[in-house]
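Notes follow once the structure below has been shown.
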Amino acid sequence: MRLVALGAVALIASATAASPVLADDASSKSPAMSRGWEFAEQGGADLFRNVCAACHQVDAKGAVGAGAYPSLAEDQKLASTDFMLTVLLSGPSNMPALGEMMSDAQVADVINYVRTHFGNSYPGAVSAADVAAARRLATPR
């Protein structure tokens, strides 16, 4: 019985890995899934595709169903880098603080990616140093 269950899990994993979700100009070279408690993806496009799109969808337009996942497309709240840093580092309401599983560079990359894609074109890139400073001030939930 255990062998059958393991086989089913392997089959499902191979089926989902064979058809990755693509977002905007996201690279197809990233790993299918991170392992452990840290994300392995590098670059904003890969992080968005493999982390954020699971809830916010590949087009960043959000979803409603088992939960409500807000749209990030053409979102005026994203003009504020402080808002984005707070969201990723502290996690608002029902969203986990995913920034805890990312390096400062990864947080900066995904913030900069979302702020310049999906109909967003906000100036002022976030640096890894900005993230490190915000991380020191972040209020964990």
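Using modelled atom types, one side-chain atom of Gln57 and one backbone atom of Cys55 make a donor-acceptor pair closer than 3.5 Å. Looking at Ser71, its side chain does come within 3.5 Å of a backbone N or O of Ala60 through a donor-acceptor pair. Between the side chain of Asp75 and the backbone N or O of Asn120 there is no donor-acceptor pair closer than 3.5 Å. Judged purely by atom type and a 3.5 angstrom limit, Arg115 uses its side chain to pair as donor or acceptor with the backbone of Gly124.
Among all heavy-atom pairs drawn from Ala128 and Ala108, the shortest one is N-CB, 3.9 Å. Among all heavy-atom pairs drawn from Gln106 and Met101, the shortest one is OE1-O, 4.3 Å. The two residues Ala73 and Asp59 come nearest to each other via the heavy atoms CB-O, 4.1 Å.
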message: As a quick check of understanding, evaluate side-chain contact (heavy atoms from CB on, under 4.5 Å) for Arg135 and Val107, giving each step before the final call.
response: CA-CA 10 Å; Arg135 197 181 294 274; Val107 171; 3.8 Å; yes
message: Working note: Val110 + Val51, criterion side-chain contact (heavy atoms from CB on, under 4.5 Å); need CA distance, chi angles, decisive distance, verdict.
response: CA-CA 10 Å; Val110 76; Val51 180; over 6 Å; no
- request: Apply side-chain contact (heavy atoms from CB on, under 4.5 Å) to the pair Phe48 and Leu72, showing each step before the final yes or no.
  value: CA-CA 11 Å; Phe48 183 86; Leu72 302 175; 4.1 Å; yes
message: Met95 vs Leu98, test: side-chain contact (heavy atoms from CB on, under 4.5 Å). Steps then yes/no.
response: CA-CA 8 Å; Met95 182 179 150; Leu98 293 172; 4.1 Å; yes
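The distance from the CG atom of Leu89 to the CE atom of Met102 is 9.5 Å, given to the nearest 0.5 Å. A distance of 5.0 Å separates NZ in Lys77 from CZ in Phe83, rounded to the nearest 0.5 Å. For the atom pair OG of Ser121 and CG of Leu78, the computed distance is 11.0 Å after rounding to the nearest 0.5 Å. Note that the CD atom of Glu74 and the NZ atom of Lys61 stand 7.5 Å from one another [nearest 0.5 Å].
The aromatic rings of Tyr113 and Phe118 sit perpendicular to each other, their planes meeting at more than 60°, with 30° as the lower class boundary.
Each of Leu47, Asp130, Leu85, Thr116 was compared with Ile111 under the side-chain contact (heavy atoms from CB on, under 4.5 Å) criterion, and only Leu85 meets it.
In this structure, the side chains of Val126 and Met84 stay at 4.5 Å or more apart for every pair of heavy atoms.
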